[in-house]
Amino acid sequence: MADSVNQEKSFRIGVESSPTNSVRRVVVTGASSGIGAQTATRLAADGWSVVALARREDRLKAVADAIKADGGACEYKVCDVTDEESTDRVVSEIVAEGPVKALVNCAGAAFGKDPVATARLEDWRGMYELNVLGTLRIIQKLLPTLKQSEGTVLIVSSTAGIEPYEGGSGYCASKFAERVMARVLRLEQVGEPIRIIDVSPGLVQTEEFSLKRFGGDHSKADSVYEGVPDPLHADDIAESIRWALDLPDTVDVDSIVIRPRAEGSYTKLHREG
């Protein structure tokens, strides 16, 4: 009887101390604002140790300081996912500091809303560099350590990667590519100790997304959400990410599509007034 008790005790100690069960370290890109900042905050509140990445150090520091003031664990690293040298340096630092259990790819943006006939190549290039190649770059560099931890790659794409709309050709194309990347990676990694999750938000009201898209034009940015009752906010997406990551390692939520109740699709949006 004593032997069986000791064996059970040893088993429990082994499980509790194993890397896959003890690691709660997550890398969040695009963590200086919007969905990325809220995701970092939400995960830290849930007990994750957050490594926040973005280009703007002042905003990153503010996010990390706020998290730590609330008792959470967060460090930040200035990183441009569109730059090979920057990403190499930061990933080397992260891996040297210990295991990583999850990567949440929030870095992304939309530039312009012009028709195909007159769209700026610079806008398309910027969206592909950030939304597609930036996501690919950070995934490739962190995938080995994530697999060692039986971890998760989570990509925040968009419903723009599901349904195209007029004026959204460049952004839609980049988000279609990002969603396909997630799906193909999922297929390629079947049998490996890694989860691949895609979260596709619809209309989310954040401080910067539409403002960046329209080159700082506040009236155009505000019109996106005008009259829409209860649009989603960044924390709604952060909560869906927290939930998906919190499931057992053997449960892979392949895809989450999340919209406000007022949005049936990009072209079917209820506005009041």
Shortest non-hydrogen contact from [X] to [Y]?
{"X": "Pro229", "Y": "His270", "result": "CD-O, 3.5 Å"}
{"X": "Leu154", "Y": "Ala244", "result": "CD1-CB, 4.4 Å"}
{"X": "Ala73", "Y": "Ile67", "result": "N-CG2, 4.2 Å"}
{"X": "Ala31", "Y": "Ala52", "result": "CB-CB, 3.6 Å"}
{"X": "Lys175", "Y": "Ala160", "result": "CB-C, 4.2 Å"}

Polar side-chain atom of [X] near backbone of [Y] as donor-acceptor pair, under 3.5 Å:
{"X": "Asp249", "Y": "Gly151", "answer": "no"}
{"X": "Arg25", "Y": "Gly98", "answer": "yes"}
{"X": "Lys268", "Y": "Glu263", "answer": "no"}
{"X": "Arg42", "Y": "Ser240", "answer": "no"}

Quick check: are there more than 12 heavy atoms from other residues, nucleotides or ligands sitting under 6.0 Å from [atom1] of [X]?
{"X": "Glu122", "atom1": "CD", "value": "yes"}
{"X": "Arg271", "atom1": "CZ", "value": "yes"}
{"X": "Glu93", "atom1": "CD", "value": "yes"}
{"X": "Arg59", "atom1": "CZ", "value": "yes"}

Self-check item: Qualifying ring-ring contact (aromatic ring centres under 6.0 Å, His included) pairs with a residue from residues 158-190, counting only residues at least two apart or across chains
Solution: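 Sorted result for residues 158-190: Tyr165-Tyr266, Tyr171-Phe209.
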Can you tell me how far [atom2] of [Y] sits from [atom1] of [X], rounded to the nearest 0.5 angstrom?
{"X": "Asn131", "Y": "Leu136", "atom1": "CG", "atom2": "CG", "value": "12.5 Å"}
{"X": "Thr87", "Y": "Gln140", "atom1": "OG1", "atom2": "CD", "value": "11.0 Å"}
{"X": "Ile155", "Y": "Leu103", "atom1": "CD1", "atom2": "CG", "value": "8.0 Å"}
{"X": "Lys147", "Y": "Ile194", "atom1": "NZ", "atom2": "CD1", "value": "7.5 Å"}
{"X": "Arg186", "Y": "Asp254", "atom1": "CZ", "atom2": "CG", "value": "4.5 Å"}
{"X": "Leu130", "Y": "Thr135", "atom1": "CG", "atom2": "OG1", "value": "7.0 Å"}

Minimum side-chain heavy-atom gap [X]-[Y] below 4.5 Å:
{"X": "Glu207", "Y": "Ser33", "value": "yes"}
{"X": "Glu239", "Y": "Asp236", "value": "no"}
{"X": "Ile94", "Y": "Lys77", "value": "yes"}
{"X": "Thr145", "Y": "Val91", "value": "no"}
{"X": "Trp48", "Y": "Arg242", "value": "no"}

Quiz item: Checking side chain to side chain contact (heavy atoms under 4.5 Å, CB included) for the pair Arg179/Ser157: CA distance, chi angles, key distance, verdict?
Solution: CA-CA 6 Å; Arg179 291 190 78 250; Ser157 60; 3.2 Å; yes
Quiz item: After noting the C-alpha distance and the side-chain angles of Val104 and Leu245, does the key distance pass the side chain to side chain contact (heavy atoms under 4.5 Å, CB included) rule?
Solution: CA-CA 10 Å; Val104 180; Leu245 291 182; 4.0 Å; yes
Self-check item: Donor + acceptor pair across side chains of Thr82, Glu129 (<3.5 Å)
Solution: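 No, Glu129 and Thr82 have no side-chain donor paired with an acceptor closer than 3.5 Å.
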Exercise. Answer with yes or no whether the side chains of Ser200 and Asp198 bring together a donor and an acceptor at under 3.5 Å.
Key: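 A pair is found: one side chain offers a donor N or O, the other an acceptor, under 3.5 Å apart.
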Practice problem: Take Arg24 and Asp46 through the salt bridge (Lys or Arg N to Asp or Glu O under 4.0 Å) test and state the conclusion after the steps. | Solution: CA-CA 10 Å; Arg24 291 272 286 178; Asp46 197 41; 3.6 Å; yes
Quiz prompt | Full working for salt bridge (Lys or Arg N to Asp or Glu O under 4.0 Å) between Asp80 and Arg89 | solution = CA-CA 10 Å; Asp80 181 355; Arg89 173 183 54 79; over 6 Å; no
Practice problem: Any chance you could lay out the side chain to side chain contact (heavy atoms under 4.5 Å, CB included) test for Leu247 and Arg195, step after step, and finish with the verdict? | Solution: CA-CA 11 Å; Leu247 292 171; Arg195 296 187 299 179; 3.9 Å; yes
Exercise. Return the set of residues passing side-chain hydrogen bond (donor to acceptor under 3.5 Å, both in side chains) with Thr118 (not counting sequence neighbours), or none when no residue passes.
Key: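 Counting only residues at least two positions away or on another chain, Thr118 forms no side-chain hydrogen bond (donor to acceptor under 3.5 Å, both in side chains).
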Quiz item: In chain order, what residues pass the side-chain hydrogen bond (donor to acceptor under 3.5 Å, both in side chains) check against Arg120, with sequence neighbours excluded?
Solution: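 Counting only residues at least two positions away or on another chain, Arg120 forms a side-chain hydrogen bond (donor to acceptor under 3.5 Å, both in side chains) with Asp123.
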Quiz item: Where do Glu84 and Lys141 land on the salt bridge (Lys or Arg N to Asp or Glu O under 4.0 Å) test, with the steps shown first?
Solution: CA-CA 10 Å; Glu84 186 73 11; Lys141 295 180 188 305; 2.8 Å; yes
Quiz item: Of Asn105, Val28, Ile241, which is the lone residue that meets side chain to side chain contact (heavy atoms under 4.5 Å, CB included) with Val156?
Solution: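 Per the side chain to side chain contact (heavy atoms under 4.5 Å, CB included) rule, the option paired with Val156 is Ile241, out of Asn105, Val28, Ile241.
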